[in-house]
Amino acid sequence: MKVNGKSRVYAIIGNPVDHSLSPVMHNAAFKELRLNSVYVAFTVTSGELKTAILGVKSLGLQGLNITMPHKHAVMNYLDEVDVTAKSVGVVNTVLCDHGKLIGYNTDGSGAISALQENGVYTEEKKMVLLGAGGAAKAIAYQASKDLDELVILNRTPEKAKKLAKSLKSFGAKVKSGTLSQEIVKTEMPTTDILVNATSVGMYPNSGFSPVPSDILHSDLCVMDIIYNPLNTQLAKDARAKGAKVVSGIEMLIYQGAVAFEIWTKLPAPIEVMRKATLNEFKK
Ligand code: ATR
């Protein structure tokens, strides 16, 4: 499709955004479905967030992704925030519905879809989730609706405890603790799914893993939400132990797919989005 006067415009807003993979992923999806839509990136500083969001309304943009540092602050300028995003306190997707801006969080459902679509069933399973930041929270909210047992471990245990407490009403058995070698070692033999939602192992500190490799086992599924590098130290260690690995790029693709479906009400072309995103890493 050619960009013309009727093109629908979508954007990611953040600072920095110039390395975002979302424009490539969503433009590939628009092209595949022959939609007259285009996705661009806007660098917006914190001081300009309010006027940028007002501009989104005036210019009639159709949808947004929100990234650092605006994922929380943007809620102040939206007309509605859905219940999951409100509970998590983080908005990463905005639907512009006839001038009304509605905020969503697609990280949690993206992570669970990435597990399920890679053949990992989340029901009646025990998950150990490392981290208690924004991404961990989103995953915890979604996971605690499906899982039997969730253990949240964080460097700062108070944050894990607070998150666990807020999840009590969802029915899963939720525990929390410190992200320490001893606790991870105690939990791991009975764990089915291990998710790293800390920043340990992210570029430029790529050689690090949040857990020692000797506690990993072949019955585990390990998901690292880090996608830079594509193959984290944790993912390498897990593969070496024969564990199933779902890489961070899968969560990125599925959270994008959920956003795409919120905006267009059409099934997201996952394969095309995956291929376009992975191609960026070859450059
Ligand atoms: P995001 O939005 O990506 O989740 P975040 O909210 O800043 O980012 O959360 C980062 C997570 O990584 C937190 O759980 C953080 O632990 P603290 O709550 O104790 O800060 C965790 N993290 C960051 N650096 C870490 C490190 N060196 N060791 C262990 N955990 C770390």
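Throughout, residue positions are numbered sequentially from 1 according to the sequence presented.
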Does a sphere of radius 6.0 Å around NZ in Lys50 hold more than 12 heavy atoms from other residues, nucleotides or ligands, not counting ones at 6.0 Å or beyond? no
Looking at Lys165, I'd like to know if its NZ atom is crowded, meaning that more than 12 non-hydrogen atoms belonging to other residues, nucleotides or ligands lie closer than 6.0 Å. no
Is it the case that over 12 heavy atoms from other parts of the model lie below 6.0 angstrom from the NE2 atom of His72? no
Using only atom types and a distance under 3.5 Å, with no angle test, would you say the side chain of Asn118 pairs donor to acceptor with the backbone of Ala114? yes
Before accepting this row, confirm whether a basic side-chain N of the pair Lys175/Glu187 lies closer than 4.0 Å to the acidic partner's carboxylate O. yes
Do Leu115 and Met223 pass the side-chain contact (heavy atoms from CB on, under 4.5 Å) test, and can you show the C-alpha distance, the side-chain angles, and the key distance before you say yes or no? CA-CA 8 Å; Leu115 286 169; Met223 181 161 89; 4.1 Å; yes
Given Phe260, which partner from the list Tyr39, Phe30, Tyr254 fulfils the ring pair (Phe, Tyr, Trp, His ring centres under 6.0 Å) test? Phe30
Start with the C-alpha gap between Glu32 and Met273, add the side-chain angles, then the distance that decides, and say whether side-chain contact (heavy atoms from CB on, under 4.5 Å) holds. CA-CA 9 Å; Glu32 173 70 13; Met273 293 167 89; over 6 Å; no
For Val91 and Ile66, the nearest pair of non-hydrogen atoms, with its separation, is O-CB, 3.6 Å
Roughly how far, to the nearest 0.5 Å, is CD1 of Ile12 from OG of Ser20? 3.5 Å
Cationic N near anionic O, under 4.0 Å, Lys185 to Glu182: no
Tell me, yes or no, whether the heavy-atom count around Lys168 atom NZ, taken from other residues, nucleotides or ligands under 6.0 Å, exceeds 12. yes
Can you see which heavy atom on Gly103 is nearest to which on Leu78, and at what distance? CA-CD1, 3.7 Å
Rounded at 0.5 Å granularity, tell me how far CG in Asp97 sits from CG in Asp79. 10.0 Å
Between the side chains of Lys241 and Asp219, is the shortest nitrogen-to-carboxylate-oxygen separation below 4.0 Å, so that they form an ion pair? no
So among Ser166, Ser87, Ser109, which one has a side-chain hydrogen bond (donor to acceptor under 3.5 Å, both in side chains) with Tyr141? Ser166
Rounded to the nearest 0.5 Å, what separation is found between the CG atom of Leu220 and the CE atom of Met188? 6.0 Å
We want to know whether Asp146 and Tyr121 form a side-chain donor-acceptor pair, criterion being a heavy-atom distance below 3.5 angstrom. no
May I ask you to check whether over 12 heavy atoms, not counting those of Glu123, lie within 6.0 Å of atom CD? yes
Do the side chains of Met127 and Val120 join up, straight or via other hydrophobic residues, at under 4.5 Å, putting them in one cluster? yes
Could you tell me if Tyr227 and Thr277 have a donor-acceptor pair between their side chains, going purely by distance under 3.5 Å? no
OH (Tyr203) with more than 12 external heavy atoms under 6.0 Å: no
Derivation of the side-chain contact (heavy atoms from CB on, under 4.5 Å) call for Leu49 and Asn76: CA-CA 10 Å; Leu49 181 64; Asn76 295 322; over 6 Å; no
So does Val258 get a backbone contact from the side chain of Trp263, meaning a donor-acceptor N/O pair under 3.5 Å? no
Nearest 0.5 Å, what's the CG-CG distance between Leu179 and Asn154? 7.0 Å
Heavy-atom donor-acceptor pair, Thr156 side chain to Glu158 backbone, under 3.5 Å: no
Nearest heavy-atom neighbours spanning Ile13 and Val17: C-CG1, 4.0 Å
Between Ala238 and Val245, the two heavy atoms sitting closest are CB-CG2, 3.7 Å
Assess whether atom NZ of Lys161 is packed by more than 12 heavy atoms of other residues, nucleotides or ligands within 6.0 Å. no
Looking just at side-chain N and O atoms, do Thr106 and Asn92 make a donor-acceptor pair shorter than 3.5 Å? yes
When rounded to the nearest 0.5 angstrom, what distance separates CG in Leu95 from CG in Leu64? 9.5 Å
Distance-only side-chain donor-acceptor flag, Thr51 / Glu48, under 3.5 Å: no
Sub-3.5 Å donor-acceptor pair from the side chain of Ser199 to the main-chain atoms of Met202, do we have one? no
Spell out, as yes or no, whether a donor-acceptor pair under 3.5 Å connects the side chain of Ser209 to the backbone of Val211. yes
We want to know whether Ser7 and Asn36 form a side-chain donor-acceptor pair, criterion being a heavy-atom distance below 3.5 angstrom. yes
Which pair of heavy atoms, one from Asn105 and one from Gly108, lies closest together, and at what distance? OD1-N, 3.8 Å
Answer yes or no: does atom CD of Gln181 have more than 12 heavy-atom neighbours from other residues, nucleotides or ligands under 6.0 Å? no
Closest contact, heavy atoms only, Ala28 versus Val272: O-CG1, 3.6 Å
Using modelled atom types and a 3.5 Å cut-off, is there a donor and acceptor pairing between side-chain atoms of Glu261 and backbone atoms of Pro267? no
Check the pair Ile253, Met25 against side-chain contact (heavy atoms from CB on, under 4.5 Å), reporting the backbone distance first and the verdict last. CA-CA 8 Å; Ile253 292 161; Met25 179 164 66; 4.3 Å; yes
Distance-only polar pair, side chains of Asp224 and Thr232, donor-acceptor under 3.5 Å: yes
Under a 4.0 Å N-O cut-off, is there an ion pair linking Lys71 with Asp107? yes
